[in-house]
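All of these numbers come straight from a predicted model, not from anything done at the bench. By convention in this document, chain letters (A, B, ...) are assigned in the order of the sequence lines, proteins followed by strands, and residues within each chain are numbered from 1.
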2 protein chains.
Amino acid sequence: MNAASRALERSHVAPNNIGRVKIPGPHLVATYKAGREIYGQGDTVTKYYQVKTGTVRVYRLLEEGRRQIVSFHFAGEVFGVEAGSTHRFFAAAITETTLAVFRQHTVKEHSRELLGFALDGMARAQEHLLVVGRQCAVERMAAFLLDLSHRLGRLRQLRLPMSRQDIADYLGLTIETVSRVMTKLKERSIIALQDTRAIDIMKPGALRSLCQ
Amino acid sequence: MNAASRALERSHVAPNNIGRVKIPGPHLVATYKAGREIYGQGDTVTKYYQVKTGTVRVYRLLEEGRRQIVSFHFAGEVFGVEAGSTHRFFAAAITETTLAVFRQHTVKEHSRELLGFALDGMARAQEHLLVVGRQCAVERMAAFLLDLSHRLGRLRQLRLPMSRQDIADYLGLTIETVSRVMTKLKERSIIALQDTRAIDIMKPGALRSLCQ
DNA sequence: CGGAATCTTGACCAAGTTCAAGCGGTGTGG
DNA sequence: CCACACCGCTTGAACTTGGTCAAGATTCCG
(Lines give C-alpha, C1' and ligand atoms only; values in the text may rest on other atoms or scores of the structure.)
Protein backbone atom coordinates (compact mmCIF):
# COMPACT_ATOMS: atom_id res chain seq x y z
CA MET A 1 0.00 0.00 0.00
CA ASN A 2 1.66 3.21 -1.15
CA ALA A 3 -0.47 5.14 1.29
CA ALA A 4 1.74 3.85 4.06
CA SER A 5 4.69 5.77 2.72
CA ARG A 6 3.11 9.16 3.24
CA ALA A 7 4.25 11.37 6.01
CA LEU A 8 2.20 10.48 9.07
CA GLU A 9 2.86 13.22 11.49
CA ARG A 10 1.16 12.88 14.82
CA SER A 11 -1.96 14.96 14.54
CA HIS A 12 -2.82 16.74 17.71
CA VAL A 13 -6.37 17.89 17.59
CA ALA A 14 -6.28 21.57 16.82
CA PRO A 15 -6.15 22.78 20.39
CA ASN A 16 -6.65 26.46 19.78
CA ASN A 17 -9.38 26.96 17.25
CA ILE A 18 -11.99 26.97 19.97
CA GLY A 19 -9.55 27.38 22.82
CA ARG A 20 -10.41 30.48 24.77
CA VAL A 21 -13.11 31.63 22.38
CA LYS A 22 -15.80 33.68 23.98
CA ILE A 23 -19.13 32.18 23.02
CA PRO A 24 -21.72 34.86 22.32
CA GLY A 25 -25.13 34.79 23.94
CA PRO A 26 -26.49 34.85 27.46
CA HIS A 27 -25.18 32.37 29.98
CA LEU A 28 -25.00 31.61 33.66
CA VAL A 29 -21.84 30.95 35.57
CA ALA A 30 -21.92 27.98 37.92
CA THR A 31 -19.36 26.68 40.37
CA TYR A 32 -18.87 23.03 41.27
CA LYS A 33 -16.86 21.66 44.17
CA ALA A 34 -14.35 18.89 43.48
CA GLY A 35 -16.14 15.63 42.76
CA ARG A 36 -19.57 17.18 42.12
CA GLU A 37 -21.62 15.73 39.31
CA ILE A 38 -22.54 18.17 36.54
CA TYR A 39 -24.91 15.88 34.69
CA GLY A 40 -25.65 12.18 34.70
CA GLN A 41 -26.22 9.51 32.11
CA GLY A 42 -29.89 9.60 31.16
CA ASP A 43 -30.40 13.24 32.08
CA THR A 44 -32.12 15.40 29.49
CA VAL A 45 -29.80 17.59 27.46
CA THR A 46 -30.77 21.21 27.94
CA LYS A 47 -27.45 22.99 28.22
CA TYR A 48 -23.86 22.88 27.16
CA TYR A 49 -20.87 24.11 29.07
CA GLN A 50 -17.59 25.92 28.70
CA VAL A 51 -14.97 25.49 31.39
CA LYS A 52 -13.81 28.81 32.82
CA THR A 53 -11.52 27.39 35.50
CA GLY A 54 -10.91 23.87 36.76
CA THR A 55 -11.14 20.46 35.13
CA VAL A 56 -14.03 18.20 34.15
CA ARG A 57 -14.19 14.50 33.36
CA VAL A 58 -16.78 12.88 31.13
CA TYR A 59 -17.18 9.16 31.73
CA ARG A 60 -19.31 6.07 31.76
CA LEU A 61 -19.70 3.55 34.55
CA LEU A 62 -19.75 -0.09 33.51
CA GLU A 63 -20.60 -3.13 35.57
CA GLU A 64 -18.05 -4.62 38.01
CA GLY A 65 -16.84 -1.16 38.93
CA ARG A 66 -15.21 -0.57 35.58
CA ARG A 67 -15.15 3.01 34.42
CA GLN A 68 -14.04 4.61 31.17
CA ILE A 69 -13.23 8.28 31.10
CA VAL A 70 -14.03 9.52 27.63
CA SER A 71 -12.54 12.98 27.93
CA PHE A 72 -11.07 15.60 30.20
CA HIS A 73 -11.94 19.26 29.72
CA PHE A 74 -9.79 22.22 30.70
CA ALA A 75 -10.25 25.98 30.73
CA GLY A 76 -11.75 27.22 27.48
CA GLU A 77 -13.01 23.85 26.34
CA VAL A 78 -16.63 23.00 25.64
CA PHE A 79 -18.51 19.84 26.61
CA GLY A 80 -22.05 18.56 26.99
CA VAL A 81 -23.02 18.78 23.31
CA GLU A 82 -24.59 15.46 22.35
CA ALA A 83 -26.33 13.68 19.53
CA GLY A 84 -29.56 12.77 21.25
CA SER A 85 -31.86 14.37 23.77
CA THR A 86 -30.40 12.56 26.79
CA HIS A 87 -26.84 12.47 28.05
CA ARG A 88 -24.99 9.26 27.29
CA PHE A 89 -22.29 9.92 29.89
CA PHE A 90 -21.67 11.39 33.30
CA ALA A 91 -19.81 14.64 33.75
CA ALA A 92 -18.19 15.69 37.01
CA ALA A 93 -15.84 18.37 38.28
CA ILE A 94 -12.40 16.99 39.15
CA THR A 95 -11.13 20.07 40.95
CA GLU A 96 -13.24 23.04 41.98
CA THR A 97 -14.60 24.23 38.66
CA THR A 98 -16.49 27.19 37.27
CA LEU A 99 -18.50 26.80 34.11
CA ALA A 100 -20.24 29.08 31.69
CA VAL A 101 -23.60 27.43 31.10
CA PHE A 102 -25.42 27.96 27.78
CA ARG A 103 -28.99 27.00 27.07
CA GLN A 104 -29.39 24.67 24.14
CA HIS A 105 -32.99 25.77 23.38
CA THR A 106 -32.76 25.74 19.64
CA VAL A 107 -29.94 23.56 18.47
CA LYS A 108 -30.77 24.65 14.97
CA GLU A 109 -29.98 28.31 15.35
CA HIS A 110 -26.75 27.51 17.13
CA SER A 111 -25.74 24.83 14.67
CA ARG A 112 -22.87 26.80 13.25
CA GLU A 113 -21.00 27.19 16.50
CA LEU A 114 -22.05 23.80 17.80
CA LEU A 115 -20.69 22.18 14.66
CA GLY A 116 -17.19 23.25 15.61
CA PHE A 117 -17.52 21.73 19.05
CA ALA A 118 -18.96 18.52 17.69
CA LEU A 119 -16.22 18.12 15.09
CA ASP A 120 -13.63 18.84 17.71
CA GLY A 121 -15.16 16.31 20.07
CA MET A 122 -15.23 13.72 17.31
CA ALA A 123 -11.59 14.31 16.46
CA ARG A 124 -10.61 14.06 20.12
CA ALA A 125 -12.48 10.80 20.60
CA GLN A 126 -10.90 9.36 17.47
CA GLU A 127 -7.36 10.25 18.50
CA HIS A 128 -8.08 8.84 21.93
CA LEU A 129 -9.33 5.65 20.35
CA LEU A 130 -6.10 5.29 18.44
CA VAL A 131 -4.05 5.50 21.60
CA VAL A 132 -6.19 3.07 23.54
CA GLY A 133 -6.62 0.67 20.64
CA ARG A 134 -3.10 0.28 19.37
CA GLN A 135 -0.54 1.57 21.83
CA CYS A 136 1.20 -0.06 24.78
CA ALA A 137 1.19 1.36 28.30
CA VAL A 138 4.26 3.59 27.93
CA GLU A 139 3.04 4.95 24.61
CA ARG A 140 -0.34 5.76 26.13
CA MET A 141 1.18 7.67 29.02
CA ALA A 142 3.50 9.54 26.68
CA ALA A 143 0.63 10.52 24.42
CA PHE A 144 -1.40 11.57 27.44
CA LEU A 145 1.32 13.76 28.93
CA LEU A 146 2.04 15.42 25.60
CA ASP A 147 -1.62 16.10 24.93
CA LEU A 148 -1.99 17.54 28.41
CA SER A 149 1.03 19.80 28.08
CA HIS A 150 -0.30 21.09 24.75
CA ARG A 151 -3.75 21.80 26.07
CA LEU A 152 -2.57 23.40 29.27
CA GLY A 153 -0.46 25.84 27.30
CA ARG A 154 2.59 24.01 25.98
CA LEU A 155 4.20 24.03 29.39
CA ARG A 156 7.19 22.03 30.52
CA GLN A 157 5.81 21.95 34.04
CA LEU A 158 2.45 20.33 34.51
CA ARG A 159 0.21 20.22 37.50
CA LEU A 160 -2.05 17.22 37.06
CA PRO A 161 -5.57 18.01 38.18
CA MET A 162 -6.59 14.35 38.10
CA SER A 163 -5.70 11.29 40.18
CA ARG A 164 -3.83 8.20 39.04
CA GLN A 165 -7.18 6.42 38.97
CA ASP A 166 -8.58 9.03 36.58
CA ILE A 167 -5.55 8.65 34.33
CA ALA A 168 -5.87 4.87 34.40
CA ASP A 169 -9.56 5.00 33.51
CA TYR A 170 -8.82 7.44 30.72
CA LEU A 171 -6.06 5.32 29.20
CA GLY A 172 -7.70 1.92 29.69
CA LEU A 173 -5.06 0.78 32.18
CA THR A 174 -4.94 0.04 35.91
CA ILE A 175 -3.72 2.46 38.51
CA GLU A 176 -0.73 0.18 39.21
CA THR A 177 0.39 0.22 35.60
CA VAL A 178 0.11 4.01 35.46
CA SER A 179 2.24 4.19 38.57
CA ARG A 180 4.85 1.80 37.20
CA VAL A 181 5.08 3.68 33.90
CA MET A 182 5.51 6.96 35.77
CA THR A 183 8.37 5.43 37.73
CA LYS A 184 9.97 4.13 34.56
CA LEU A 185 9.77 7.53 32.86
CA LYS A 186 11.24 9.09 35.97
CA GLU A 187 14.09 6.56 36.04
CA ARG A 188 14.88 7.39 32.44
CA SER A 189 14.84 11.11 33.38
CA ILE A 190 12.21 11.78 30.74
CA ILE A 191 10.06 13.35 33.42
CA ALA A 192 10.69 14.53 36.95
CA LEU A 193 8.17 14.55 39.77
CA GLN A 194 8.11 17.31 42.39
CA ASP A 195 5.24 15.51 44.00
CA THR A 196 2.75 13.04 42.53
CA ARG A 197 0.78 15.77 40.79
CA ALA A 198 3.57 18.10 39.70
CA ILE A 199 5.33 16.80 36.63
CA ASP A 200 8.29 18.26 34.85
CA ILE A 201 8.80 17.17 31.26
CA MET A 202 12.59 16.98 31.00
CA LYS A 203 12.85 15.42 27.53
CA PRO A 204 9.85 16.34 25.40
CA GLY A 205 11.62 14.84 22.39
CA ALA A 206 11.94 11.48 24.09
CA LEU A 207 8.25 11.60 24.99
CA ARG A 208 7.32 12.39 21.42
CA SER A 209 9.39 9.55 20.00
CA LEU A 210 7.83 7.21 22.54
CA CYS A 211 4.25 7.81 21.62
CA GLN A 212 4.51 7.39 17.89
CA MET B 1 -21.50 7.27 44.32
CA ASN B 2 -25.26 7.19 43.95
CA ALA B 3 -24.85 7.79 40.24
CA ALA B 4 -23.72 4.21 39.90
CA SER B 5 -27.12 2.95 40.88
CA ARG B 6 -28.91 4.46 37.90
CA ALA B 7 -30.05 2.27 35.09
CA LEU B 8 -27.20 2.03 32.62
CA GLU B 9 -28.70 0.55 29.56
CA ARG B 10 -26.33 -0.09 26.73
CA SER B 11 -26.67 2.92 24.49
CA HIS B 12 -26.47 2.08 20.86
CA VAL B 13 -25.82 5.19 18.88
CA ALA B 14 -29.11 6.20 17.35
CA PRO B 15 -28.79 4.25 14.14
CA ASN B 16 -31.73 5.63 12.28
CA ASN B 17 -31.93 9.34 12.74
CA ILE B 18 -29.70 9.90 9.75
CA GLY B 19 -29.92 6.38 8.40
CA ARG B 20 -31.27 6.45 4.91
CA VAL B 21 -31.87 10.16 4.83
CA LYS B 22 -31.66 11.72 1.41
CA ILE B 23 -29.33 14.67 1.66
CA PRO B 24 -30.57 17.60 -0.43
CA GLY B 25 -28.32 19.37 -2.88
CA PRO B 26 -26.35 18.47 -5.98
CA HIS B 27 -23.99 15.54 -5.81
CA LEU B 28 -22.02 13.13 -7.90
CA VAL B 29 -22.19 9.39 -7.63
CA ALA B 30 -18.86 7.60 -7.62
CA THR B 31 -18.02 3.90 -7.62
CA TYR B 32 -14.96 2.39 -5.95
CA LYS B 33 -13.63 -1.11 -6.45
CA ALA B 34 -12.83 -3.18 -3.37
CA GLY B 35 -9.70 -1.89 -1.68
CA ARG B 36 -9.63 1.48 -3.48
CA GLU B 37 -8.66 4.50 -1.43
CA ILE B 38 -11.29 7.24 -1.23
CA TYR B 39 -9.12 9.81 0.50
CA GLY B 40 -5.81 9.77 2.33
CA GLN B 41 -4.45 11.27 5.50
CA GLY B 42 -3.23 14.76 4.69
CA ASP B 43 -5.55 15.27 1.71
CA THR B 44 -7.50 18.49 1.63
CA VAL B 45 -11.12 18.18 2.73
CA THR B 46 -13.37 19.29 -0.11
CA LYS B 47 -16.19 16.76 -0.01
CA TYR B 48 -18.14 14.51 2.24
CA TYR B 49 -19.73 11.21 1.35
CA GLN B 50 -22.81 9.11 1.85
CA VAL B 51 -22.59 5.39 1.22
CA LYS B 52 -25.21 4.20 -1.26
CA THR B 53 -24.05 0.58 -1.45
CA GLY B 54 -21.02 -1.23 -0.07
CA THR B 55 -18.84 -0.67 2.97
CA VAL B 56 -16.11 1.83 3.82
CA ARG B 57 -13.40 1.76 6.46
CA VAL B 58 -11.80 4.86 7.97
CA TYR B 59 -8.41 4.21 9.53
CA ARG B 60 -4.98 5.40 10.45
CA LEU B 61 -1.67 3.67 9.76
CA LEU B 62 0.86 3.70 12.58
CA GLU B 63 4.49 2.69 12.55
CA GLU B 64 5.49 -1.00 12.63
CA GLY B 65 2.54 -1.93 10.47
CA ARG B 66 0.01 -1.20 13.18
CA ARG B 67 -3.35 0.02 11.97
CA GLN B 68 -6.41 1.27 13.80
CA ILE B 69 -9.74 1.27 12.05
CA VAL B 70 -11.74 4.13 13.50
CA SER B 71 -15.06 3.34 11.86
CA PHE B 72 -16.93 1.30 9.31
CA HIS B 73 -19.66 2.88 7.21
CA PHE B 74 -22.60 1.10 5.65
CA ALA B 75 -25.39 2.08 3.27
CA GLY B 76 -26.98 5.36 4.28
CA GLU B 77 -24.16 6.47 6.55
CA VAL B 78 -22.12 9.61 6.11
CA PHE B 79 -18.36 10.03 6.50
CA GLY B 80 -15.58 12.43 5.56
CA VAL B 81 -16.78 15.35 7.69
CA GLU B 82 -13.78 16.58 9.67
CA ALA B 83 -12.71 19.31 12.04
CA GLY B 84 -9.82 20.74 10.05
CA SER B 85 -9.07 21.41 6.41
CA THR B 86 -7.10 18.19 5.89
CA HIS B 87 -8.12 14.60 6.44
CA ARG B 88 -6.70 13.03 9.57
CA PHE B 89 -7.43 9.49 8.39
CA PHE B 90 -7.54 7.28 5.35
CA ALA B 91 -10.81 6.08 3.88
CA ALA B 92 -11.08 3.08 1.59
CA ALA B 93 -13.79 0.92 0.06
CA ILE B 94 -13.90 -2.57 1.59
CA THR B 95 -16.22 -4.10 -0.95
CA GLU B 96 -17.25 -2.52 -4.24
CA THR B 97 -18.89 0.68 -3.10
CA THR B 98 -20.95 3.48 -4.57
CA LEU B 99 -20.97 6.85 -2.89
CA ALA B 100 -22.96 10.04 -3.17
CA VAL B 101 -20.33 12.77 -3.12
CA PHE B 102 -21.23 16.23 -1.77
CA ARG B 103 -19.13 19.33 -2.15
CA GLN B 104 -18.23 20.95 1.14
CA HIS B 105 -17.71 24.43 -0.37
CA THR B 106 -19.25 26.39 2.41
CA VAL B 107 -19.29 24.47 5.62
CA LYS B 108 -21.17 27.34 7.16
CA GLU B 109 -24.29 27.10 5.08
CA HIS B 110 -24.42 23.34 5.54
CA SER B 111 -23.75 23.49 9.24
CA ARG B 112 -27.20 22.41 10.25
CA GLU B 113 -27.12 19.11 8.42
CA LEU B 114 -23.42 18.56 9.07
CA LEU B 115 -23.99 19.02 12.80
CA GLY B 116 -26.06 15.86 12.88
CA PHE B 117 -23.34 13.87 11.18
CA ALA B 118 -20.66 15.29 13.44
CA LEU B 119 -22.61 14.54 16.61
CA ASP B 120 -23.32 11.07 15.34
CA GLY B 121 -19.67 10.51 14.52
CA MET B 122 -18.65 11.73 17.94
CA ALA B 123 -21.10 9.41 19.68
CA ARG B 124 -19.89 6.48 17.59
CA ALA B 125 -16.25 7.15 18.38
CA GLN B 126 -17.04 7.46 22.08
CA GLU B 127 -18.95 4.18 22.23
CA HIS B 128 -16.15 2.53 20.31
CA LEU B 129 -13.64 3.92 22.78
CA LEU B 130 -15.57 2.38 25.64
CA VAL B 131 -15.41 -1.05 24.06
CA VAL B 132 -11.73 -0.87 23.23
CA GLY B 133 -10.75 0.74 26.52
CA ARG B 134 -12.55 -1.41 29.04
CA GLN B 135 -13.77 -4.66 27.55
CA CYS B 136 -12.08 -8.01 27.06
CA ALA B 137 -11.80 -9.79 23.73
CA VAL B 138 -15.11 -11.67 23.93
CA GLU B 139 -16.97 -8.56 25.03
CA ARG B 140 -15.49 -6.59 22.14
CA MET B 141 -16.58 -9.15 19.58
CA ALA B 142 -20.05 -9.36 21.11
CA ALA B 143 -20.42 -5.58 21.02
CA PHE B 144 -19.17 -5.53 17.46
CA LEU B 145 -21.55 -8.19 16.20
CA LEU B 146 -24.53 -6.56 17.92
CA ASP B 147 -23.68 -3.13 16.56
CA LEU B 148 -23.29 -4.61 13.10
CA SER B 149 -26.61 -6.44 13.23
CA HIS B 150 -28.34 -3.24 14.34
CA ARG B 151 -26.84 -1.12 11.62
CA LEU B 152 -27.40 -3.65 8.88
CA GLY B 153 -31.08 -3.76 9.72
CA ARG B 154 -31.51 -5.75 12.94
CA LEU B 155 -30.90 -8.98 11.14
CA ARG B 156 -30.21 -12.37 12.66
CA GLN B 157 -28.15 -13.33 9.64
CA LEU B 158 -25.17 -11.20 8.90
CA ARG B 159 -22.88 -11.13 5.93
CA LEU B 160 -19.62 -9.58 7.08
CA PRO B 161 -18.22 -7.30 4.42
CA MET B 162 -14.85 -7.05 6.17
CA SER B 163 -11.99 -9.46 6.79
CA ARG B 164 -10.79 -10.82 10.13
CA GLN B 165 -7.88 -8.40 9.87
CA ASP B 166 -10.29 -5.47 9.53
CA ILE B 167 -12.24 -6.65 12.56
CA ALA B 168 -9.04 -7.08 14.57
CA ASP B 169 -7.82 -3.60 13.65
CA TYR B 170 -11.21 -2.17 14.54
CA LEU B 171 -11.36 -3.86 17.95
CA GLY B 172 -7.71 -3.40 18.91
CA LEU B 173 -7.02 -7.14 18.80
CA THR B 174 -5.03 -9.52 16.60
CA ILE B 175 -6.47 -11.60 13.82
CA GLU B 176 -5.70 -14.76 15.84
CA THR B 177 -7.68 -13.55 18.83
CA VAL B 178 -10.64 -12.64 16.63
CA SER B 179 -10.53 -16.11 15.16
CA ARG B 180 -10.33 -17.78 18.57
CA VAL B 181 -13.23 -15.75 19.93
CA MET B 182 -15.33 -16.63 16.89
CA THR B 183 -14.62 -20.29 17.49
CA LYS B 184 -15.54 -19.97 21.14
CA LEU B 185 -18.84 -18.24 20.34
CA LYS B 186 -19.53 -20.95 17.79
CA GLU B 187 -18.76 -23.70 20.32
CA ARG B 188 -21.21 -22.12 22.74
CA SER B 189 -23.79 -21.98 19.92
CA ILE B 190 -24.18 -18.25 20.38
CA ILE B 191 -23.43 -17.82 16.71
CA ALA B 192 -23.27 -20.17 13.75
CA LEU B 193 -21.02 -19.78 10.73
CA GLN B 194 -22.17 -20.75 7.24
CA ASP B 195 -18.79 -19.68 6.00
CA THR B 196 -16.28 -17.25 7.47
CA ARG B 197 -18.25 -14.23 6.34
CA ALA B 198 -21.81 -15.46 6.90
CA ILE B 199 -22.80 -15.31 10.55
CA ASP B 200 -26.00 -16.41 12.16
CA ILE B 201 -26.77 -14.94 15.55
CA MET B 202 -28.41 -17.84 17.36
CA LYS B 203 -28.65 -16.32 20.83
CA PRO B 204 -28.87 -12.52 20.65
CA GLY B 205 -29.62 -12.45 24.37
CA ALA B 206 -26.42 -14.26 25.20
CA LEU B 207 -24.50 -11.83 23.02
CA ARG B 208 -26.11 -8.89 24.76
CA SER B 209 -25.32 -10.20 28.21
CA LEU B 210 -21.75 -10.82 27.11
CA CYS B 211 -20.95 -7.34 25.97
CA GLN B 212 -22.04 -5.49 29.05
C1' DC C 1 -4.69 -28.42 -10.46
C1' DG C 2 -1.58 -25.25 -8.26
C1' DG C 3 -0.66 -21.14 -5.75
C1' DA C 4 -1.98 -17.41 -3.00
C1' DA C 5 -4.75 -15.41 0.27
C1' DT C 6 -7.35 -15.87 4.34
C1' DC C 7 -8.47 -18.13 8.29
C1' DT C 8 -7.81 -21.48 12.21
C1' DT C 9 -5.27 -23.81 15.75
C1' DG C 10 -1.55 -24.83 18.94
C1' DA C 11 2.48 -23.83 21.89
C1' DC C 12 4.94 -20.50 24.01
C1' DC C 13 5.71 -15.84 25.71
C1' DA C 14 5.14 -11.17 27.50
C1' DA C 15 2.58 -7.16 28.84
C1' DG C 16 -0.40 -5.83 31.95
C1' DT C 17 -3.68 -7.26 35.80
C1' DT C 18 -4.52 -8.90 40.31
C1' DC C 19 -3.57 -9.32 44.91
C1' DA C 20 -1.16 -7.95 48.77
C1' DA C 21 1.88 -5.24 51.43
C1' DG C 22 4.15 -0.96 52.44
C1' DC C 23 5.00 4.07 52.17
C1' DG C 24 4.08 8.94 53.03
C1' DG C 25 1.21 12.69 53.82
C1' DT C 26 -2.95 14.52 56.18
C1' DG C 27 -6.49 14.93 59.30
C1' DT C 28 -8.62 13.69 63.80
C1' DG C 29 -9.20 12.66 68.41
C1' DG C 30 -7.35 11.34 72.90
C1' DC D 1 1.43 16.88 70.64
C1' DC D 2 1.48 12.30 69.48
C1' DA D 3 -1.08 8.11 68.02
C1' DC D 4 -3.78 6.34 64.74
C1' DA D 5 -6.55 5.80 60.81
C1' DC D 6 -7.27 7.04 56.12
C1' DC D 7 -6.25 8.00 51.49
C1' DG D 8 -3.60 8.08 47.39
C1' DC D 9 0.27 6.18 45.56
C1' DT D 10 4.09 2.77 44.88
C1' DT D 11 6.21 -1.70 44.71
C1' DG D 12 6.61 -6.71 44.46
C1' DA D 13 5.15 -11.50 43.23
C1' DA D 14 2.03 -14.50 41.05
C1' DC D 15 -1.14 -14.99 37.53
C1' DT D 16 -3.98 -14.33 33.16
C1' DT D 17 -5.20 -12.58 28.90
C1' DG D 18 -4.04 -11.82 24.67
C1' DG D 19 0.11 -11.55 21.49
C1' DT D 20 3.69 -13.90 18.77
C1' DC D 21 5.35 -17.40 16.03
C1' DA D 22 4.68 -21.33 13.38
C1' DA D 23 2.16 -24.87 11.20
C1' DG D 24 -2.05 -26.44 8.92
C1' DA D 25 -6.65 -25.98 6.87
C1' DT D 26 -9.76 -23.78 3.74
C1' DT D 27 -11.20 -20.92 0.18
C1' DC D 28 -10.63 -18.43 -3.80
C1' DC D 29 -9.18 -18.12 -8.54
C1' DG D 30 -6.53 -18.24 -12.54
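Residue A/Arg197 is in sugar-phosphate contact alone, with no base atom involved, counting any heavy-atom pair closer than 4.0 Å across all strands shown.
Sequence order on DNA chain D of the closest nucleotides to A/Arg134 and A/Lys186 puts A/Lys186 first from the 5' end.
Counting distance only, with no hydrogens placed and no angle test, the side-chain atoms of B/Glu176 and the base atoms of D/dC21 include a donor-acceptor pair under 3.5 Å. Remark: the A/Arg180 side chain and the C/dT18 base include a donor-acceptor N/O pair separated by less than 3.5 Å.
The residues B/Asp166 and B/Arg57 are annotated as salt-bridged, a charged nitrogen and a carboxylate oxygen being separated by less than 4.0 angstrom. Checked for salt-bridge contact, B/Asp169 and A/Arg134 meet the test: a charged N lies under 4.0 Å from a carboxylate O.
Judged purely by distance below 3.5 Å, without hydrogens or angles, the side chains of B/Thr98 and B/Thr53 pair a donor atom with an acceptor atom.
For B/Phe102 and B/Tyr49, the gap between ring centers reaches or exceeds 6.0 Å.
For A/Ser179, the side-chain atoms get nearest to D/dT10 when compared with the rest of D/dG18, C/dG10, D/dT10. Here the nucleotide nearest the side chain of B/Ile175, chosen from C/dG16, D/dT10, C/dC7, is C/dC7. Side-chain proximity of B/Thr177 to the nucleotides C/dC7, D/dC21, D/dG19 is greatest for D/dG19. Side-chain proximity of B/Thr196 to D/dC9, C/dG16, C/dT8: nearest is C/dT8.
Between the CZ atom of B/Arg140 and the P atom of D/dG18 there is a distance of 7 Å, given to the nearest Å. Distance, B/Ile94 CD1 to C/dT6 P: 13 Å, rounded to whole Å.
For the OP1/OP2 pair of D/dT20 and a distance below 4.0 Å, the side-chain nitrogens and oxygens of B/Thr174 include no atom meeting the criterion.
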